[in-house]
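Because the structure is predicted, anything quoted here is derived from the model rather than measured. Excluded from the calculations below are hydrogen atoms, water molecules and symmetry mates; all remaining heavy atoms, backbone and side chain alike, are included.
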Amino acid sequence: MKTVLALIITIVSLAWGWHALVAGTPSGGAPLWVLRQQALYLSGLLSISLMSVAMFLATRPAWLEGPLAGMDRIYRTHKWAGIIACGFAALHWLIEMSSDILKALVGRAGRVPKENYSGFLEVLRDLAKDLGEWAIYVVLAMLAITLWRRFPYRLWRLLHRVMPLLYLMLALHALLLAPLAYWTQPVGVLLAVLIAGGVYGSVVSLGGRIGRSRQVRGEVVSVSHASAEVITVCCRLDRDWPGHRAGQFAFVSFDPGEGQHPFTIASADRGNREITLQIKALGDYTRRLARYLTAGQPVSVEGPYGRFDIARQQRDTQQIWIAGGIGVTPFLAWLEALQSRTGDAPAADLHYCTGNRHGDPFVARLEALCDRLPTIRLQVHDSRQGQQLSAETLAAGGNSTRPAEVWFCGPQGLAEALREGLSKVWHSRLRFHQEAFVMR
């Protein structure tokens, strides 16, 4: 994610720099006014470019899962492209507002001459300027709401639907206020391509067609309560379901008014178009599910997505699998998939972290699956008994001279602690896989 965003920022900055170098300094402009103008252009370019990337990635392009290492990474890139774009938009607005300060410092005489327009084009430019200003205010308010984790998800999702409209307003602002000279330079070509991608994403989003080609209908076959906080939901899908690989997830909707939520498919693909979901009550929506979900209800499933795939393991490395709480679901699918081909099971240490082993609905299932896979060594860590998993524990049970591959699904805090600690032991010989899917 960081590499992709840094690359986009670098390419846009180089294109802007090439134009500035070719065009040179406007004659008659004082240095501070020229600097302000170029800073205004660069901040605007970076903002609309990153917003365009965010809008395109919002369409869930499955063909990018390989290059970007999964749909969760695509969503993280979408999220941070939007956040950074808002930061550049705020900077763009502040630079625009700095004219009064420069007038006081160097006077009006050194201002950069404006490009001359007339007629209908001038009217459009004035409209685009006003639309861009108001859109920036709303976008910054949306950013504050997104970062405020206590803001209700359902309301946030409804407000988030206006983002394509705001983007189209900002795209019009960028297209009409960009210097005419841009359109004969690489920076203009780059800007046009990025905005075209952003407009495509906006149109797809406004038309409600995101992921439409990967959506299938089905019905809930059974609902059972694995524990007080976890329900097991089995769904049978229509014939259009392409099947899934163990460890993948899907966007599932039981209620069109609520919208889609990502759930890992906790079962292997048995070829019968049935999937099992283990859903823990972690928020308002998942708590309500336990009360109203019953067999026979319709369900919509979009997917499958994800690269948390057992087939991607490197067999010449130490395999360390770590599950925390409901993060055990992809490993349940892995273990179930290996039952029919035990000879393919790698040598791996599976660590399951739970708050209470005796009340945990997954411990017995894990033990039964691992009993039939002798190369998988299961270790259950019960925090109530003081059995906390740490990087030191993992390092003590491994070989620091041999490359290690960690597959992690669980709380973010535990992931960060383990990644940092294990990196000090294995250094560059460590590969750490984590599916970090967050809807906002």
(message) Within this structure, what is the OG1-CD1 distance for the pair Thr286 and Ile326, rounded to the nearest 0.5 Å?
(response) 10.0 Å
(request) Would you indicate whether the side-chain heavy atoms of Arg36 and Ile95 approach each other to under 4.5 Å? (result) yes
(message) Are Pro330 and Leu332 packed together at the side-chain level, in the sense that at least one heavy-atom pair is separated by less than 4.5 angstrom?
(response) no
(message) Students often mix this up, so state it plainly: with edges at 30° and 60°, are the rings of Phe254 and Phe263 parallel, tilted or perpendicular?
(response) tilted
(message) Could you measure the distance from the CD1 atom of Ile322 to the NE2 atom of His381? Nearest 0.5 Å is fine.
(response) 8.0 Å
(message) The criterion is side chain to side chain contact (heavy atoms under 4.5 Å, CB included); which residues satisfy it with Ala58, sequence neighbours excluded?
(response) His78
(message) I need the minimum non-hydrogen distance between Ala323 and Val328, along with the two atoms involved.
(response) CB-CA, 3.6 Å
(request) Taking all heavy atoms of Arg307 and all of Ala69, pick out the closest pair and write down the distance. (result) CG-C, 3.6 Å
(message) When you compare the side chains of Gln260 and Glu302, does any donor N or O come within less than 3.5 Å of an acceptor on the partner?
(response) yes
(request) Could you tell me the separation between the CG atom of Leu91 and the CG atom of Leu40, rounded to the nearest 0.5 Å? (result) 9.0 Å
(request) Supply the atom-to-atom distance Tyr292 OH to Asp255 CG, rounded to the nearest 0.5 angstrom. (result) 4.5 Å
(request) Evaluate the criterion side-chain contact (heavy atoms from CB on, under 4.5 Å) for residue pair Arg270 and Thr276; output intermediate values, then yes/no. (result) CA-CA 11 Å; Arg270 296 180 289 271; Thr276 300; 4.3 Å; yes
(message) List the residues meeting side chain to side chain contact (heavy atoms under 4.5 Å, CB included) with Gln313, not counting sequence neighbours, and say none if there are none.
(response) Ile310, Gln319, Trp321, Trp334, Pro346, Glu405, Trp407
(request) Report the C-alpha separation of Glu274 and Cys234 in whole Å, then their side-chain angles, then the decisive distance to 0.1 Å, and conclude whether the side-chain contact (heavy atoms from CB on, under 4.5 Å) test is met. (result) CA-CA 7 Å; Glu274 288 191 359; Cys234 182; 3.7 Å; yes
(message) If only side-chain N and O atoms count, and only distance matters, is there a donor-acceptor pair under 3.5 Å linking Gln297 with Thr294?
(response) yes
(request) Assess the side chains of Thr393 and Ser390: does a donor N or O sit below 3.5 Å from an acceptor N or O? (result) yes
(request) State, with a plain yes or no, whether a side-chain heavy atom of Phe56 is found less than 4.5 Å away from one of Pro61. (result) yes
(request) Search all heavy atoms of Ala281 against all heavy atoms of Arg287 and return the closest pair with its distance. (result) CB-CG, 3.6 Å
(message) Counting C-beta onward and ignoring hydrogens, is there a side-chain heavy-atom pair between Thr146 and Trp148 closer than 4.5 Å?
(response) no
(request) Tell me yes or no: between the side chains of Thr232 and Gln278, is some donor less than 3.5 Å from an acceptor? (result) yes
(request) Looking only at non-hydrogen atoms, find the nearest pair between Glu65 and Ile74 and report the distance. (result) N-CD1, 3.9 Å
(request) Find out whether Arg431 and His433 are in side-chain contact, i.e. whether some heavy atom of one side chain is under 4.5 Å from a heavy atom of the other. (result) yes
(request) Tell me, with the steps shown, if Asp238 and Arg217 meet salt bridge (Lys or Arg N to Asp or Glu O under 4.0 Å). (result) CA-CA 6 Å; Asp238 293 345; Arg217 301 287 181 179; over 6 Å; no
Kindly list each side-chain donor-acceptor pair under 3.5 angstrom involving residues 192-212, sequence neighbours excluded, with atom names and distances?
residue: Ser202; atom: OG; partner: Gly198; partner atom: O; Å: 3.0
residue: Arg212; atom: NH2; partner: Gly208; partner atom: O; Å: 2.5

(request) Have a look at Ser43 and tell me which of Gln38, His92, Glu96 forms a side-chain hydrogen bond (donor to acceptor under 3.5 Å, both in side chains) with it. (result) His92
(message) Quick one, Leu170 with Met51, criterion side-chain contact (heavy atoms from CB on, under 4.5 Å). Give me CA distance, side-chain angles, the key distance, then yes/no.
(response) CA-CA 9 Å; Leu170 291 169; Met51 283 188 187; 3.4 Å; yes
(request) Please test His19 against Tyr182 for ring pair (Phe, Tyr, Trp, His ring centres under 6.0 Å), starting from the C-alpha separation and ending with a verdict. (result) CA-CA 7 Å; His19 173 266; Tyr182 272 13; 4.6 Å; yes
(message) Restricting to non-hydrogen atoms, name the atom on Gln248 and the atom on Gly306 that form the minimum distance, rounded to 0.1 Å.
(response) NE2-O, 3.3 Å
(request) Could you tell me whether Phe308 and Phe331 have their ring centroids closer than 6.0 angstrom? (result) yes
(message) Once you measure the plane-to-plane angle for His244 and Trp241, does it fall in the parallel (<30°), tilted (30-60°) or perpendicular (>60°) bin?
(response) tilted
(message) I'd like to check Ile231 versus Leu289 (side-chain heavy atoms, cut-off strictly below 4.5 Å). Are they in contact?
(response) yes
(request) Determine whether more than 12 heavy atoms belonging to other residues, nucleotides or ligands lie under 6.0 Å from atom CH2 of Trp18. (result) no
(message) How long is the straight-line distance from CG of Asp240 back to CZ of Arg214, given to the nearest 0.5 Å?
(response) 12.5 Å
(request) Take Arg60 and Met71 through the side-chain contact (heavy atoms from CB on, under 4.5 Å) test and state the conclusion after the steps. (result) CA-CA 7 Å; Arg60 298 176 193 155; Met71 187 56 67; 3.9 Å; yes
(request) Of all the heavy-atom pairs spanning Ser383 and Gly355, show the shortest one and how long it is. (result) OG-CA, 3.2 Å
(message) For the backbone of Cys409 and the side chain of Gln434, can you confirm whether one donor and one acceptor N or O come within less than 3.5 Å of each other?
(response) no
(message) More than 12 heavy atoms of other residues, nucleotides or ligands under 6.0 Å from CZ of Arg429: yes or no?
(response) yes
(request) Check whether any side-chain heavy atom of Leu177 sits under 4.5 Å from a side-chain heavy atom of Arg125, and report yes or no. (result) yes
(message) Within the structure provided, determine whether Ser47 and Cys86 are in side-chain contact (heavy-atom separation under 4.5 Å).
(response) no
(message) Distance check, rounded to the nearest 0.5 Å: Leu68 atom CG versus Arg76 atom CZ?
(response) 12.0 Å
